[in-house]
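Following: one structure in structure tokens, then a few remarks.
Proteins get letters first, then strands, A, B, ... in listed order; numbering begins at 1 in each.
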Amino acid sequence: MPELPEVETTRRGIQPYVEGRTIIKMVIRHRGFRWPIPDQLEDIIQGQKIKTIERRAKYLLFRCETGTLIIHLGMSGRLRVLDNDSHIGKHDHVDIYIDNGHVVRLTDPRRFGAVLWTEADTGAHQLLAHLGPEPLSDFFNADYLRLQSKGRSSTIKSVIMNGEIVVGVGNIYANEALFLAGIHPAKAAGKVSKVKMAKLVEAIKLVLEKALLAGGTTLKDFRKSDGKPGYFAQQLHVYGREQQPCLICQTPISCIRQAQRATYFCKQCQPK
DNA sequence: ACATTGACCTGGGAGC
DNA sequence: TGCTCCCAGGTCAATG
């Protein structure tokens with residue numbers, strides 16, 4: 001479900017309720033996520049203060065006194081702040097009860113996400129150590145992306161979705177950014193011109209910033225931490241618009257499959 | 001080293 | 001109504 005704007009929207013929604021607060025208890029009803037939720041996590045985390053909540057790539061990091069709780073929402077995960085007596089649904093697998101009468105609840109039907117704990121520096125954690133730069137940081141720029149793409153035969157779409165090159169760009173925003181930059185998604189990364197590459201970097205930053213302003217994209221089940229949808233779906237140019245007219249040139253939007261993911265583009269505006 | 005594919009899991013919608 | 005098939009916002013692990 002969530003790409004960078006949705007994860008960051010979730011972080012901002014939860015932050016005021018949890019920072020500086022103490023965890024009364026954690027309840028885990030299902031441990032079978034991508035990796036099993038660690039044994040005794042409930043005991044480790046009980047009574048700890050949450051110092052800050054940060055985001056790295058699509059990971060949410062709850063900085064506690066003796067370590068960091070790492071949560072990934074996978075494809076269908078959702079974190080909400082609720083009153084601590086809220087009804088518990090079928091896919092409400094993890095609850096973190098806070099000392100202000102609220103509960104942070106993880107709902108995840110598909111359980112592709114993760115709930116992990118580390119006492120080491122998260123930068124050294126196996127899942128985080130090899131991640132590329134944040135797309136909205138200055139480290140992600142045209143020179144950098146050109147260097148990373150040099151000599152690569154893989155498609156430009158797979159390169160911008162590769163978390164070791166740049167994080168946070170998932171299928172929706174990869175499609176949208178390539179459209180805004182006028183680049184065919186199946187173009188070999190190493191063959192994208194210098195000018196187009198600069199356009200692509202700017203397009204990625206722009207689309208992520210605008211999506212963040214809109215509170216993310218709600219296609220089906222993404223909801224902000226307060227339960228309301230994000231509104232960026234209204235601003236999508238190509239994603240999910242197969243056969244509908246291009247908003248620039250009226251050509252019907254094409255849909256192909258790349259690495260088993262739907263890829264939408266305008267064959268007129270994004271020539272190969 | 002790099003590139004592609006399968007796997008994990010559930011729910012919803014299309015088609016019969 | 002109910003069955004089967006395909007699809008879905010991610011990404012690690014295995015394979016070529």
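Across Ile23(A), Val27(A), Thr22(A), Val104(A), a single residue satisfies side chain to side chain contact (heavy atoms under 4.5 Å, CB included) together with Tyr97(A), and that is Val27(A).
For the pair Arg78(A) CZ and dG10(C) C1', the interatomic distance rounds to 19 Å; values are reported in whole Å. Atom CG in Leu219(A) sits roughly 17 Å away from atom P in dC7(C) (whole-Å rounding). For the pair Gln148(A) CD and dC2(B) C1', the computed distance is 13 Å after rounding to whole Å. At whole-Å resolution of the value, CG in Asn162(A) and P in dG10(C) are 13 Å apart. Rounded to a whole Å, the CD1 atom of Ile160(A) is 14 Å from the P atom of dG9(C). One interatomic measurement links the two molecules: CZ of Phe33(A) to P of dC12(C), which rounds to 17 Å at whole-angstrom precision. Separating the NE2 atom of His72(A) from the C1' atom of dG9(C) is a distance of 11 Å, rounded to the nearest angstrom. Atoms OH (Tyr59(A)) and C1' (dG10(C)) sit 9 Å apart, rounded to a whole Å.
No contact: Phe232(A) has no heavy atom under 4.0 Å from any strand.
The closest side-chain donor-acceptor pair between Ser158(A) and Gln258(A), if any, does not fall under 3.5 angstrom. Between the side chains of Thr122(A) and Arg63(A), at least one donor N or O sits under 3.5 Å from an acceptor N or O.
Leu200(A) and Val238(A) end up in the same hydrophobic cluster when Ile, Leu, Val, Met, Phe, Trp and Tyr side chains are linked at under 4.5 Å.
Summarising the geometry, atom CZ belonging to Arg105(A) is positioned 5.5 Å from atom OG belonging to Ser86(A); distances are rounded to the nearest 0.5 Å. Once rounded to the nearest 0.5 Å, the distance linking CZ of Arg78(A) with CG of Leu73(A) reads 11.0 Å.
Across the P atoms, dC6(C) and dG6(B) are found 14 Å apart, a figure rounded to whole Å. Separation of the P atoms belonging to dA14(C) and dC9(B) is 16 Å when rounded to the nearest angstrom.
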Contact string for nucleotides 3-12 of chain B, one letter per nucleotide 5' to 3', B = base within protein heavy-atom range under 4.0 Å, S = sugar-phosphate only, - = neither, reads SSSB-BBBS-
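Consecutive Watson-Crick or G-U pairs involving DNA chain B, each under 3.5 Å on both distances, make up stems of three or more pairs at B:2-8 with C:10-16, B:10-16 with C:2-8.
Comparing Ala57(A) and Arg257(A) by the nucleotide of DNA chain C that holds the closest heavy atom to each, the one mapping nearer the 5' end is Arg257(A).
For Trp35(A), the side-chain atoms get nearest to dC12(C) when compared with the rest of dC12(C), dG10(C), dG9(C).
Between Leu61(A) and Leu128(A), the closest side-chain pair of non-hydrogen atoms falls below 4.5 Å.
Close to dG9(C), at under 4.0 Å from its OP1 or OP2, lies no side-chain N or O of Tyr173(A).
Salt bridge annotation for Arg34(A)-Asp108(A): absent, with no cationic side-chain nitrogen under 4.0 angstrom from a carboxylate oxygen. A salt bridge links Asp95(A) with Arg29(A): at least one charged nitrogen is closer than 4.0 Å to a carboxylate oxygen.
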